[in-house]
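Here's the structure, in structure tokens; my notes come after.
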Amino acid sequence: MSEPRPRHFIQQIIDADMQSGKWGGRVHTRFPPEPNGYLHIGHAASICLNSGLAREFGGKFNLRFDDTNPAKEEAEYVESIKRDVAWLGADWDGEEIGGGLHFASDYFEQMYEWAIELIKKGKAYVCELSGEETRQYRGTLTEPGRPSPWRDRPVEESLDLFARMKAGEFPDGSRTLRAKIDMASSNMNMRDPVMYRVLRAHHHRTGDTWSIYPMYDWAHGLEDSIEGITHSICTLEFEDHRPLYHWFIDAINEGRTEDGSGEWGGLIHHPQQIEFAKFLLNYVVLSKRNMIRLVKEGHVDGWDDPRMVTVSGLRRRGCTPEALRSLCDEVGVTKFNAVRDMVLLENAMRDHLNKVAPRRMAVLRPIRVVIENYPEGQTEEFEVQNNPEDPSAGVRKVPFSRELFIEREDFMEDPPRKFFRLGPGREVRLRGAYWVKCESFVKNDAGEVVELRCTYDPDTRGGSNPPPDAEGNVRKVKGTLHWVSAQHALDAEVRLFDRLFTVEAPGKATGEFTDDLNPESREVLTGCKLEPALGGRTADEPEWADGVRRYQFERLGYFCVDSDSTPEALVFNRTVTLKDSWAKQAGKGG
RNA sequence: AGGGGAUUAGUGUAACGGUAGCACGACUGAUUCUGGUUCAGUUAGUACAGGUUCAAAUCCUGUAUCCCCUGCCA
């Protein structure tokens, strides 16, 4: 079989930690979204990584909302994020890896106390510089900053001011609490970073209790510490923040001892921050700013538009959590900012769906076929395999009659030799039914072919080969077509999706990503013809954990029932096409 | 004279001083009641320049290119 997967650098770090006993054999990870938007495929990668490590090492995984900025956050997002994380199988409340659901806002009181401790230790001060002044004092990438005039004010004064900031005495933005570190540091993050700002906003969980809110750098490590996180995994842009992550926890731990006998009591837990490259994909935009524009400007129908690579969009499109997980597995974890190829996502969806999706027949662009030698009014049923990859998936019955629909593109009036489908005088197999031969065709006034007249061979019942002739020669056909009985067919709308953008890096050429939108990213087909089994869930279908019914439409691709679908008006989405080596060959002019 | 990361076939990713391997793509061919799946094969790589070493993708020096950092966002 295949080699065991090489271990990525984070696994290697944890392997070493387990060896050394650094965390007492514990592994505890977390996914810390800010509830201010929808999760996308990049977040999914982080969720898979963090929950996967917890699973692999018998550890725990927390879902933690980093809700430290009420100006941008809403409860609505909390629910969508929980739904998406659960869908991905990162079971934060389960037996196995469940570390629980947490909110940064639950720690506000504790953080506040630690902030006071830092003021008392002379490591933090209240600064009264305005936003603009703060920026000027900070210096630039190549020039050091200057100390704030408030930097050395008495501890008592800072203490008093900080309490009054909390009490809501000062207007938004008028004061900050800053860490006293190094205004000349080459690392901008260390130039007396802001720990708290005055922000008298209503918080979705704490209401109007707080008039000050902690900044990311101050809050994040403390959240990790409180939850006992061992490996705090984040993206590469936080590498510069790591010294600050350590500085804050070290500052709190100064004057503390392991046994709690220190002036300030016992040590607090000090996790390890590890950075990896975020998941990037070509042919899409992943930044929150740009995704919001896609929705707000109406380029897509919403956050769950199947063309969006949001988790909810992918789900609606028919993607499975298994496909996403195996994709993440496949691309690995590194510190190289690689742009992943969209075909990897498409292949991951095909791979999983091929194994589990029941086969059905659906004709998207129908053309009528009349079997001239099949008795009028007669009907019969064929048992057709649900999945050739999995015999245990069973069979279902498909009705056959004199008038059928086949795919318009499966007939050519004047076909090239390598076209294995129907043409005048050509014979093909109708999947699971009979072999049919095209005798003639009918055109309308516009010169379009509207109907095929065929004959069938009763000796090929079930689609099997006919018996050899008198000389022992066996007749063969090259092509097998999907079909639907006209009188039994269900009508449906089918939505085909293509890439949202026509270029790998949208906006690269002009600076405006909307210039690269693919005008044909969605095609809505109506009057599609489905076999009756697609009308509703049948007993032989798998039970999908998320309730989304998915199928392979034979020879076409993978499709799922859209959330707009009703029993009266069926709507399907195409998740991904099948690979099509004929289209590729035909496209090359061969 | 700012700092922090990164660079291995077309695209990703291993090799942790000792045979440059794997996946995807592309291209052949076989099998097939899906032009699908599966199987077999072909293709092609250590950014550059020096150095250390019996031996360098790996260690050292320099260069180039790319990404991130000057929010009271996360």
Side-chain angles (χ1 to χ4, degrees), chain A residues 2-3 5-8 12 32-34 36 66 68-69 71-73 127 129-132 134-136 138-145 172-178 185-191 193-199 212-213 215-217 219-220 234-243 275 277 282 288 330-341 343-344 347-348 350-351 354-355 359 361 384-385 387-389 418-421 428-433 435 460 462-465 477-482 552-557 577-586:
Chain A
S2 60
E3 298 281 309
R5 275 200 81 73
R7 300 184 69 65
H8 60 67
Q12 291 180 26
E34 184 188 13
N36 72 343
D66 206 1
T68 57
N69 185 359
K72 293 165 65 178
E73 297 154 6
C127 177
L129 254 25
S130 69
E132 177 58 28
T134 306
R135 192 174 326 132
Q136 284 166 2
R138 186 158 33 230
T140 68
L141 293 178
T142 52
E143 299 156 16
D172 287 3
S174 61
R175 281 166 181 76
T176 57
L177 183 72
R178 294 228 257 163
S185 173
S186 53
N187 182 345
M188 300 296 284
N189 300 119
M190 301 299 271
R191 320 245 260 229
V194 173
M195 296 163 65
Y196 281 93
R197 73 279 213 185
V198 177
L199 212 201
I212 53 171
Y213 289 92
M215 300 290 291
Y216 170 87
D217 285 306
H220 203 87
C234 61
T235 47
L236 249 28
E237 68 264 31
F238 291 102
E239 282 182 312
D240 287 342
H241 296 241
R242 194 187 332 130
E275 310 85 14
N282 60 14
K288 205 165 274 181
E330 196 176 320
V331 302
V333 180
T334 68
K335 295 182 76 123
F336 178 62
N337 253 314
V339 180
R340 313 297 170 162
D341 199 319
V343 305
L344 296 179
N347 279 335
R350 288 189 187 105
D351 274 357
N354 176 48
K355 294 192 191 87
R359 313 290 122 128
M361 290 197 282
V384 183
Q385 259 197 309
N387 190 347
E389 302 298 308
K418 286 215 224 132
F419 186 79
F420 301 148
R421 310 176 188 180
V428 297
R429 173 176 16 242
L430 295 181
R431 176 113 227 217
W435 292 20
T460 57
S464 53
N465 291 1
V477 287
K478 292 284 270 187
T480 298
L481 308 186
H482 60 280
Q552 184 195 100
F553 288 179
E554 293 228 21
R555 303 210 302 134
L556 296 175
T577 61
L578 251 32
K579 282 188 190 161
D580 187 347
S581 57
W582 163 247
K584 195 189 283 181
Q585 188 184 331

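First the proteins, then the strands, lettered A, B, ... as listed; each starts at 1. What's counted below: heavy atoms across the whole structure, side chains too, no hydrogens, waters or symmetry copies.
- The two atoms that bring Y213(A) and L199(A) nearest to each other are CE1-O, 3.1 Å, heavy atoms only.
- In this structure, Q12(A) reaches the bases: a heavy-atom distance under 4.0 Å links it to at least one base atom across the strands shown.
- Side-chain contact check for T235(A) and E237(A): at least one donor-acceptor pair (N or O, by modelled atom type) lies under 3.5 Å.
- In this structure, Q385(A) and R359(A) approach most closely via the heavy-atom pair O-CB, 4.4 Å.
- Between C48(B) and U7(B), the distance separating the two C1' atoms is 12 Å to the nearest Å.
- In G71(B) the O4'-C1'-N dihedral to the base is within 90° of 0, which defines a syn nucleotide.
- Here the side chain of E73(A) pairs a donor or acceptor atom with the backbone of N69(A) at under 3.5 angstrom.
- Around the NZ atom of K478(A), the shell of radius 6.0 Å holds no more than 12 heavy atoms that belong to other residues, nucleotides or ligands.
- Of the inter-residue distances, the one linking D240(A) atom CG with N187(A) atom CG reads 5.0 Å to the nearest 0.5 angstrom.
- Across the protein-nucleic acid pair, F336(A) atom CZ and U11(B) atom C1' stand 10 Å apart, rounded to whole Å.
- Across the P atoms, U42(B) and G4(B) are found 46 Å apart, a figure rounded to whole Å.
- Here the separation of G17(B) from C69(B), taken at their C1' atoms, is 35 Å to the nearest Å.
- As rounded to whole Å, 14 Å separates atom C1' of A14(B) from atom CD of E330(A).
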Self-check item: 5'-to-3' dot-bracket of RNA chain B (Watson-Crick, G-U; under 3.5 angstrom; crossing pairs as [ ]; | other strand)
Solution: .((((((..((((....[..))))((((((.......))))))...(((((..]....))))))))))).....

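- The two residues K335(A) and L236(A) come nearest to each other via the heavy atoms O-CD2, 3.4 Å.
- Taking all atoms of both residues into account, the shortest heavy-atom contact from R350(A) to N347(A) is NH1-OD1, 3.0 Å.
- Nucleotides U37(B) and A30(B) are separated by 14 Å at their C1' atoms, to the nearest Å.
- Nearest heavy atom pair, residue S185(A) against residue M190(A), reads OG-CB, 3.5 Å.
- Distance check, rounded to the nearest 0.5 Å: CG of N189(A) to CZ of F238(A) gives 10.0 Å.
- Comparing A14(B) with A26(B), their P atoms are spaced 23 Å from each other, to the whole Å.
- When all heavy atoms of M188(A) and T140(A) are compared, the pair lying nearest together is SD-O, 3.7 Å.
- Distance check on atom P: G71(B) versus C66(B) gives 24 Å, rounded to whole Å.
- Taking 4.0 angstrom as the limit, K335(A) places none of its side-chain polar atoms (N or O) nearer than this to OP1 or OP2 of G4(B).
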Exercise. Report the C-alpha separation of R429(A) and N465(A) in whole Å, then their side-chain angles, then the decisive distance to 0.1 Å, and conclude whether the side-chain contact (heavy atoms from CB on, under 4.5 Å) test is met.
Key: CA-CA 9 Å; R429(A) 173 176 16 242; N465(A) 291 1; 3.6 Å; yes

Quiz item: Which nucleotides of nucleotides 35-40 of chain B have their base under 4.0 Å from a protein heavy atom (B), which only their sugar-phosphate (S), and which neither (-), written as one string 5' to 3'?
Solution: BBS---

Quiz item: Tell me, for nucleotides 63-74 of chain B in 5' to 3' order, what letter each nucleotide earns: B for a base near a protein heavy atom under 4.0 Å, S for only sugar-phosphate near one, - for neither?
Solution: ----SBBBSBBB

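- Along RNA chain B, the nucleotide nearest to R242(A) and the one nearest to E554(A) differ in position, and the one closer to the 5' end is contacted by R242(A).
- With both ends at atom C1', the span from A23(B) to U34(B) equals 25 Å, rounded to whole Å.
- With both ends at atom P, the span from C54(B) to U28(B) equals 49 Å, rounded to whole Å.
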